[in-house]
> 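My questions will all concern the structure given below.
Values below: all heavy atoms of this structure, side chains included; hydrogens, waters and symmetry mates excluded. In what follows, chains carry the letters A, B, and so on, assigned in the order in which the sequence lines appear, proteins first and then strands, with residues in each chain numbered from 1.
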There are 2 protein chains.
Amino acid sequence: MKNNRTAYVILGMLSIQPNLSGYELHKAIEENFGSFWGESYGQIYPSLKSLAAEGLIKACQPTPSSKKRRQEYSLTDAGRTCLREWLAQPFQNDPPRNEFMLKLFFGHEAAPGVALMHVREVQRRNRQMLATLEGIETMAREAQSENPKKPYWMLTLGLGLALTRAALDWGESALEQLSAMETEKVQKTQPSEGKPVANQA
Amino acid sequence: MKNNRTAYVILGMLSIQPNLSGYELHKAIEENFGSFWGESYGQIYPSLKSLAAEGLIKACQPTPSSKKRRQEYSLTDAGRTCLREWLAQPFQNDPPRNEFMLKLFFGHEAAPGVALMHVREVQRRNRQMLATLEGIETMAREAQSENPKKPYWMLTLGLGLALTRAALDWGESALEQLSAMETEKVQKTQPSEGKPVANQA
DNA sequence: CGTGGCATGTAAACGGTTACATGATTTA
DNA sequence: TAAATCATGTAACCGTTTACATGCCACG
């Protein structure tokens, strides 16, 4: 296991919520890390196999209460040690990939209105993201447990919120600038239509 | 060509700066898009070949002034059209990958001081990023050209700046919280040493 | 002349997604 | 019983990085 972050995400998830199956891991990762990490089944299931083979997790039968047939896993001591070692390593900066920023940068090359459309869309997605994160925040506050892990979760959540809000603020002013710019451009290209009375056939 | 964003990055770069070689493209992408996109030589050179084969770019001999032997490329009309079509498509959200946030989330599982170390490191990297972006901003302001592309560049730059500053602000308060939390933890684990007079042998 | 950096490339390995296949369980 | 959803998995494909190979040019 060299650069296999999937494995560590699984170890980490099992460290806070034992006895999960592949399916549940996928769901838990989506729900908890959705704003900063993702894994697909195609990564999870093979990783579970190899982690079990290495003795870092072990398969266990589902709790009797659960009716469904499924394979659950839990962390071993070796797995916990391995997770801790990884945590202590410097984190790596993943290569940046933001297609929105790319398309915005090339905005002048695009047809009039395209950049504006992309900004509106990014605002929509970020508002959605903000709602999700605020939902998590509310739930966490209501739970108000003494769980010692919670401060770390709240810090992480706080960064997600801060970044999303910053993006939304930027979007506000970008919309203003762009609508000024691009209506100008449209006026040059296709002069104003007067009042459109008729409509499409 | 289906999901090949490398190709579009190249087309876009050539649309704003014609006659670039693979090496120069790599440098230009690094310098201009460094905060939101990256490409490696292993992607660039093969893409140049296939783009040329499709007629979206064409190879041209270096300007006589340039002494070095190298293959330069420029955009064709077909290439420009292709770029425009891509720009008008909705952008895709790339899967989030932020290893820092992952390690912070698991902070309680790590040895005392580890989370703090990671936050200090992320602050360091973000300060570096901020300096780079502010450098670009300064240069752009001084140039103060009438280039119609510039507003789009400045908007993109503005988002990069906003996100970086938000991350730095968050980091400030995270450092405070964490240093309070983790010194507590250390005190419980290894009670205070008094004044260390002797040192390591 | 030799060394170091510039410049161009390629092959292999890897990480990751997608599409597909399958069966079991719940709900209508 | 039919349809939807839960759950597990696999194979193929694709995008990407990494490591390696190579030759040119400038400079000491």
Side-chain angles (χ1 to χ4, degrees), chain A residues 1-10 13 19-31 33-34 36-53 57 59-73 86 92-99 102, chain B residues 1-11 19-31 33-34 36-53 57 59-73 86 92-99 102:
Chain A
M1 197 174 31
K2 24 169 89 152
N3 197 21
N4 184 359
R5 280 111 104 237
T6 303
Y8 295 110
V9 175
I10 292 174
M13 198 72 232
N19 297 322
L20 294 175
S21 67
Y23 186 84
E24 291 169 311
L25 270 164
H26 182 259
K27 211 170 27 166
I29 291 167
E30 168 86 35
E31 281 166 12
F33 307 153
F36 57 88
W37 204 267
E39 293 293 348
S40 65
Y41 291 125
Q43 293 273 95
I44 290 172
Y45 284 110
S47 289
L48 285 172
K49 289 282 159 65
S50 64
L51 281 170
I57 62 177
C60 47
Q61 40 271 34
T63 63
S65 70
S66 166
K67 309 142 214 179
K68 306 221 177 170
R69 142 233 73 151
R70 65 183 171 189
Q71 190 52 258
E72 295 184 345
Y73 295 89
W86 176 72
Q92 87 180 62
N93 273 358
D94 291 272
R97 304 213 146 249
N98 188 325
E99 197 175 297
L102 214 44
Chain B
M1 195 176 28
K2 23 170 90 152
N3 198 19
N4 183 357
R5 282 109 102 238
T6 303
Y8 295 110
V9 175
I10 291 174
L11 293 180
N19 296 322
L20 294 175
S21 67
Y23 186 85
E24 291 169 310
L25 271 164
H26 181 258
K27 209 171 29 167
I29 291 166
E30 167 86 35
E31 281 167 10
F33 308 153
F36 57 88
W37 204 267
E39 294 292 349
S40 64
Y41 290 126
Q43 293 273 94
I44 290 172
Y45 284 110
S47 290
L48 285 172
K49 288 282 159 65
S50 64
L51 281 171
I57 62 176
C60 46
Q61 41 271 36
T63 63
S65 71
S66 165
K67 309 143 214 175
K68 304 221 179 171
R69 144 233 69 154
R70 66 185 169 184
Q71 191 52 259
E72 296 185 346
Y73 295 88
W86 176 72
Q92 87 178 65
N93 272 357
D94 291 272
R97 301 210 148 251
N98 188 326
E99 196 174 297
L102 214 43

> How close or far is atom P of D:dG9 from atom CD of A:E39, stated in whole angstroms?
17 Å

> Could you state the atom-to-atom distance from CD1 of B:I44 to P of D:dT17 in whole Å?
10 Å

> Map A:T6 and B:L48 onto DNA chain C by nearest heavy atom, then report which one ends up closer to the 5' terminus.
B:L48

> Measure CG/B:L20 against C1'/C:dA7 and give the value in whole Å, please.
14 Å

> Let me see the working for B:N19 and B:Y73 under side-chain contact (heavy atoms from CB on, under 4.5 Å), right down to the final yes or no.
CA-CA 5 Å; B:N19 296 322; B:Y73 295 88; over 6 Å; no

> Between D:dA11 atom C1' and A:Y41 atom OH, what is the distance in whole Å?
18 Å

> Could you give the CD1-to-C1' distance, from B:I10 to C:dT8, as a whole number of Å?
14 Å

> For a quick test of reading the model: is some side-chain N or O of B:S21 closer than 4.0 Å to OP1 or OP2 of C:dA7?
no

> Take a 6.0 Å sphere around CD of A:E30 and say whether it holds more than 12 heavy atoms from other residues, nucleotides or ligands.
no

> Between B:H26 (NE2) and C:dT8 (C1'), how many Å, whole number?
13 Å

> Is it the case that the side chain of B:Y45 and the backbone of B:Y23 share a donor-acceptor pair, with hydrogens and angles ignored and the cut-off at 3.5 Å?
yes

> Using a 4.0 Å heavy-atom cut-off, does A:G22 contact any base of the nucleic acid, only the sugar-phosphate backbone, or nothing at all?
sugar-phosphate

> Taking only side-chain N and O atoms of A:R97, does any of them lie within less than 4.0 angstrom of OP1 or OP2 on D:dT16?
yes

> When you measure from the side-chain N and O atoms of A:Y23 to the phosphate of D:dT8, is any distance below 4.0 Å, counting only OP1 and OP2?
no

> Under 4.0 Å between a side-chain N or O of A:Y45 and OP1 or OP2 of D:dT8?
yes

> Could you walk me through whether A:R97 and A:E99 pass the salt bridge (charged side-chain N to carboxylate O under 4.0 Å, His left out) test, one step at a time?
CA-CA 6 Å; A:R97 304 213 146 249; A:E99 197 175 297; over 6 Å; no

> Scan A:K49 against the nucleic acid and name what it touches under 4.0 Å (heavy atoms): base, sugar-phosphate only, or nothing.
sugar-phosphate

> Quick check: does any side chain N or O of B:E24 sit under 3.5 Å from a backbone N or O of B:S21, one acting as donor and the other as acceptor?
yes

> Distance check needed: C:dT18 C1' versus B:Q92 CD, whole Å only.
13 Å

> Could you tell me whether the phosphate oxygens of D:dG15, OP1 or OP2, come under 4.0 Å of any side-chain nitrogen or oxygen in B:Q43?
no

> Can you tell me the distance, in whole Å, between the CG atom of B:N93 and the C1' atom of C:dG16?
17 Å

